[in-house]
Amino acid sequence: MCSFSEIRERLESLKKHISITDTEISFLTTPKKVISFEVEYDKDNGKKEVLNAYRVQYNTVLGPAKGGIRFHEDVSEEETTALAFWMTLKCALTGVPFGGGKGGVKVNPKVLSDNETERISRAYIKGLHSEIGPWKDIPAPDVYTTPRIMAWMMDEYEKIIGRHSPGVITGKPLSLGGSKGRDVATAQGGVYVMLGLLKRLGLGKGNVTVAIQGFGNAGMNAARILSEKGVKIIGVSDSKGGVFNKEGLSADELALYKKKHGSFEGYPDGKNITNEELLGVKADVLIPAAMGNAITKQNADKVNAKIILELANGPVSREAEVILERKGITVVPDILANSGGVIVSHYEWVQNNTGLYWEEEEVMRKLERQITKALDETYIVMKEKKVDMRTAAYLVAIEKILAAARLRGII
Ligand code: GLU
């Protein structure tokens, strides 16, 4: 996962493109609040277990902190802080009126029963309730956390404060105030960005081919949505391995097969490949949609796509990025490519706070407009300043954050 020194280094490198003072860099590299606490819960076998948990409210000049909570063994304070920094940029870039936050519990979610997951979710909120709220810090799902978990968390929060407060958390099930379209928003947003960019690059015509690493919420929905649009999915993988077929794979059949068999092993309509081989598939677009640091300096040289669309957070390491740039590969940064999730989270929060609920068609129309605007702003800066897309997205976001901080008299 991205180390915090990489973030500092990247911000320092922006000095080449904008005038940014050391005070401003230190403001941007300092999290506002880092909460580290313990979550104690009862295991099904009657024993108690204590887990490390975190919530980082990185920056709130543009609004309340916003960002998901992940349940994963690799969760750490440093990783949560880096992810919260990216949420700050993501919200600023896309015009979501929130700051950036992130949370996590260091646990292996795959070994937990549903009851244990519920107890951990409730215990997390018990430990954190005074720090969150619709105008303070609004959590959401992230890696291995689901709408079901958001429901437990919201319920626990409301029990503690003694009143309804659906806007405290987003990514909820529809029947508890979730937004239509939130479940597919990350993938749908990524597809809007991808198709918009291909058009701008003059690559949108003819048969576009895509390979997707990761078949969770984002990867699977991206495969489905792209197939519906006639884009050919030629390779997919999950943590156990992948499958390749240059004639194209059916997203629905892949989903059914994985549900039944737990992996793509033995998938009849294609050739089984490893995760590493998937990264080397010759495709127009490679979509890393799993964990951070999937593409590193060890495997970046093998990448054989024209564009990488970062549907995961931080899938391309800084060293890998240098190699990819040398190879002429465009990396669409996570803070743009996967921002559909938080954009629709904001719509959910608006609906919760007004009590008026929108149809999916309205959500999607708004999402397309908002994410395309962020793509345009990024694209213009990329061309004007002759920088890579990530640098351009950072420049757009940082300008908005610094403007707000200056007006508040913080810097
Ligand atoms: N976890 C998602 C992200 O990294 C969504 C965050 C949110 O909706 O607040 O963008």
Side-chain angles (χ1 to χ4, degrees), residues 1-2 54-60 62-72 75 79-105 109 132-147 149-150 153-154 166-173 177-190 193 214 216-219 221-222 288-292 309-315 332-352 363 366-367 370-371 374 393 397:
M1 192 60 215
C2 173
Y54 308 92
R55 184 74 187 167
V56 177
Q57 294 160 355
Y58 195 90
N59 189 301
T60 54
L62 287 169
K66 182 85 191 85
I69 297 167
R70 62 172 60 181
F71 285 180
H72 198 272
V75 164
E79 183 195 69
T80 311
T81 308
L83 289 161
F85 168 77
W86 288 330
M87 282 308 301
T88 308
L89 297 186
K90 199 183 295 185
C91 292
L93 171 67
T94 53
V96 169
F98 291 142
K102 201 78 170 198
V105 180
I132 59 173
W135 296 97
K136 205 171 182 181
D137 181 2
I138 307 138
D142 198 75
V143 173
Y144 286 113
T145 46
T146 57
I149 292 177
M150 298 305 111
M153 289 185 169
M154 183 197 78
V168 68
I169 201 157
T170 60
K172 301 179 293 294
S179 175
K180 289 194 173 143
R182 177 62 185 85
D183 51 347
V184 296
T186 306
Q188 182 67 68
V193 171
N217 174 295
N221 283 312
M291 292 299 289
L309 183 83
E310 292 188 328
L311 222 45
N313 282 311
V332 188
D334 46 8
I335 60 167
L336 175 63
N338 71 28
S339 63
V342 76
I343 291 175
V344 177
S345 272
H346 171 234
Y347 300 162
E348 179 173 335
W349 176 87
V350 171
Q351 293 169 79
N352 294 152
V363 171
K366 286 189 159 80
L367 170 62
Q370 190 166 348
I371 208 163

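Ligands are counted one by one from 1 in listed order, and the atoms in each one are counted from 1 as well. Just so it is clear, the model here is predicted, and its values are computed rather than measured. Scope of the values below: all heavy atoms of this structure, side chains included, with no hydrogens, waters or symmetry mates.
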(message) Taking G99's backbone N and O only, do any of them form a donor-acceptor pair with N59's side chain (distance below 3.5 Å, no angle check)?
(response) no

(request) Give the residue, atom name and distance (to 0.1 Å) of the protein heavy atom nearest atom 9 (O) of ligand 1. (result) K66 NZ, 2.7 Å

(request) Kindly state whether the ring of Y58 and the ring of F85 have centres lying under 6.0 angstrom apart. (result) yes

(message) Any heavy-atom pair between the side chains of P141 and I149 that's under 4.5 Å?
(response) no

(message) Tell me the protein heavy atom at minimum distance from atom 8 (O) of ligand 1, and give that distance in Å.
(response) S345 OG, 2.6 Å

(request) Do me a favour and list the nearest non-hydrogen protein atom to atom 10 (O) of ligand 1 with residue, atom name and distance? (result) K90 NZ, 2.7 Å

(request) State, yes or no, whether a side-chain contact exists between R55 and I69 at a heavy-atom distance under 4.5 Å. (result) yes

(request) Please tell me if the side chains of K90 and N313 come closer than 4.5 Å, counting only heavy atoms from C-beta onward. (result) yes

(message) Ignoring hydrogens and geometry beyond distance, is a side-chain donor-acceptor pair present between S345 and R182 at under 3.5 Å?
(response) yes

(message) Quick test of your reading of the structure: of R182, E348, H346, whose heavy atom lies closest to atom 5 (C) of ligand 1?
(response) R182

(message) Is K102 close enough to touch ligand 1? Criterion: a residue heavy atom under 4.0 Å from a ligand atom.
(response) yes

(request) Go through ligand 1 atom by atom and flag the ones less than 4.0 Å from a non-hydrogen atom of D142. (result) 1 (N), 2 (C), 4 (O)

(request) Can you figure out which of G67, P141, A140 has its heavy atom closest to atom 2 (C) of ligand 1? (result) P141

(message) For ligand 1, which is the ligand I care about here, please tell me if M87 has any N or O atom under 3.5 Å from one of the ligand's N or O atoms.
(response) no

(message) For the backbone of G171 and the side chain of E348, can you confirm whether one donor and one acceptor N or O come within less than 3.5 Å of each other?
(response) yes

(message) Heavy-atom distances under 4.0 Å decide this one: backbone, side chain, both or neither, for T186 against ligand 1?
(response) neither

